[in-house]
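By convention here, the first residue in the shown sequence is residue 1.
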Amino acid sequence: MRKGVTLGIALAAGVAIGAAQANVIAPDDVAFNADDLEVSQSLTGVPGDPAKGRDYFLNRRLGNCLACHANADMAAEPFHGEVGPAMDGVGSRWSEAQLRAIVINSKQVFGDATVMPAFYRVAGKSRVREQFQGKTILEAQQVEDVVAYLLTLTD
């Protein structure tokens with residue numbers, strides 16, 4: 001391949017990636033619907049990847065969702081939590097917009113009684129691991145990926 005063509009392809013890819021990143025909704029700009037139970041707009045405009053979302057759900061250093069939520073899809077994995085509800089059938093019980101709201105900031109949906117962390121919020125968090133102080137636990141696309149995974153867990 002000629003050098004000019006290669007450079008053109010690389011520049012086009014960079015512009016496409018930059019454009020996708022430019023459309024990311026910042027944590028402070030997330031718009032919850034009036035009832036506070038839904039976030040209708042995707043944080044990135046890019047569809048979530050359920051396989052990646054499953055990995056984040058399981059990852060003990062990132063989402064760590066399995067620490068609190070039992071999940072039959074991950075029956076072979078150790079240490080399922082019982083703090084939160086089981087995830088079996090969650091994709092049938094909640095809409096995409098509702099699941100996105102819960103992952104972004106569960107306290108906005110369930111109130112202060114929930115112990116679930118806000119995965120896409122910077123300010124107002126408590127008991128935050130040092131590595132996540134001043135930033136979100138999940139990036140915007142990771143939220144979309146987790147939501148896509150949760151939507152696969154249907155009855």
Side-chain angles (χ1 to χ4, degrees), residues 13 15-77 79-129 131-155:
V15 168
I17 290 169
Q21 291 173 345
N23 292 330
V24 171
I25 297 173
D28 292 341
D29 295 334
V30 172
F32 280 78
N33 293 359
D35 60 7
D36 292 336
L37 299 178
E38 297 182 349
V39 174
S40 300
Q41 186 175 4
S42 167
L43 298 176
T44 63
V46 176
D49 180 333
K52 287 181 181 178
R54 186 181 192 280
D55 290 343
Y56 302 139
F57 187 99
L58 179 60
N59 187 322
R60 301 276 183 200
R61 293 191 167 154
L62 192 58
N64 199 18
C65 306
L66 197 59
C68 293
H69 298 282
N71 183 347
D73 180 50
M74 299 180 178
E77 299 296 330
F79 309 116
H80 289 242
E82 296 177 357
V83 174
M87 293 291 97
D88 305 321
V90 74
S92 298
R93 293 190 306 270
W94 298 89
S95 71
E96 178 179 359
Q98 291 167 327
L99 289 169
R100 184 179 295 114
I102 293 167
V103 174
I104 289 170
N105 185 1
S106 60
K107 290 188 184 339
Q108 185 78 23
V109 177
F110 300 121
D112 290 332
T114 185
V115 296
M116 182 172 166
F119 286 96
Y120 195 67
R121 185 172 180 200
V122 176
K125 296 187 293 188
S126 61
R127 300 181 316 235
V128 179
R129 286 176 49 183
Q131 75 187 66
F132 296 117
Q133 290 180 4
K135 57 185 173 180
T136 62
I137 296 171
L138 295 177
E139 296 173 7
Q141 189 57 49
Q142 291 171 323
V143 169
E144 295 301 324
D145 295 341
V146 168
V147 169
Y149 168 64
L150 294 174
L151 287 169
T152 70
L153 303 177
T154 58
D155 292 329

Trainee: Between L43 and Q141, is there a side-chain heavy-atom distance shorter than 4.5 Å?
Mentor: no
Trainee: Determine whether a donor-acceptor pair (N or O, by modelled atom type, separation under 3.5 Å) exists between the side chain of D145 and the backbone of D49.
Mentor: yes
Trainee: Are N71 and Y149 side-chain neighbours, meaning at least one heavy-atom pair lies under 4.5 Å?
Mentor: yes
Trainee: For T136, run the side chain to side chain contact (heavy atoms under 4.5 Å, CB included) check against I104, V122, V143 and tell me which one passes.
Mentor: V122
Trainee: Write down the atom of S106, the atom of P117, and the distance for their closest heavy-atom approach.
Mentor: OG-O, 3.8 Å
Trainee: Drop me the distance from F57's CZ to N64's CG, to the nearest 0.5 angstrom.
Mentor: 9.5 Å
Trainee: Under 4.5 Å between any side-chain heavy atoms of S42 and E144, yes or no?
Mentor: yes
Trainee: State, to 0.1 Å, how close T154 and L151 come at their nearest heavy-atom pair, and which atoms those are.
Mentor: CG2-O, 3.4 Å
Trainee: Give, for atom CE of M87 and atom CE of M74, the distance between the pair rounded to the nearest 0.5 Å.
Mentor: 11.0 Å
Trainee: Taking side chain as C-beta onward, heavy atoms only, is Y120 less than 4.5 Å from L138?
Mentor: no
Trainee: Taking all heavy atoms of I137 and all of Q142, pick out the closest pair and write down the distance.
Mentor: O-OE1, 4.4 Å
Trainee: Surrounding CD of E77 (heavy atoms of other residues, nucleotides or ligands, distance under 6.0 Å), is the total greater than 12?
Mentor: yes
Trainee: About how many Å separate CD of Q108 and CG of D35, when rounded to the nearest 0.5 Å?
Mentor: 10.0 Å
Trainee: With side chains defined as the heavy atoms from C-beta onward, is the minimum distance between V103 and L150 less than 4.5 Å?
Mentor: yes
Trainee: Contact between L66 and R60 at the side-chain level, heavy atoms closer than 4.5 Å - yes or no?
Mentor: yes
Trainee: Hey, is the main chain of D155 close enough, under 3.5 Å, to the side chain of S92 for a donor-acceptor pair?
Mentor: yes
Trainee: Within the distance-only criterion (no hydrogens, no angle test), does the side chain of H80 pair as donor or acceptor with the backbone N or O of A86 below 3.5 angstrom?
Mentor: no
Trainee: Under a 3.5 Å distance rule, please check whether R93 uses its side chain to pair with a backbone N or O of D88 as donor and acceptor.
Mentor: yes
Trainee: Measure from the side-chain N and O atoms of H69 to the backbone N and O of P85, and report whether any donor-acceptor pair falls under 3.5 Å.
Mentor: yes
Trainee: Under 6.0 Å from the CD atom of E139, do we count more than 12 heavy atoms belonging to anything else shown?
Mentor: no
Trainee: Keeping R100 on the side-chain end and S40 on the backbone end, is there a donor-acceptor pair under 3.5 Å?
Mentor: yes
Trainee: With the side chain counted from C-beta on, respond yes when N105 and F32 share a heavy-atom pair under 4.5 Å apart, and no when they do not.
Mentor: yes
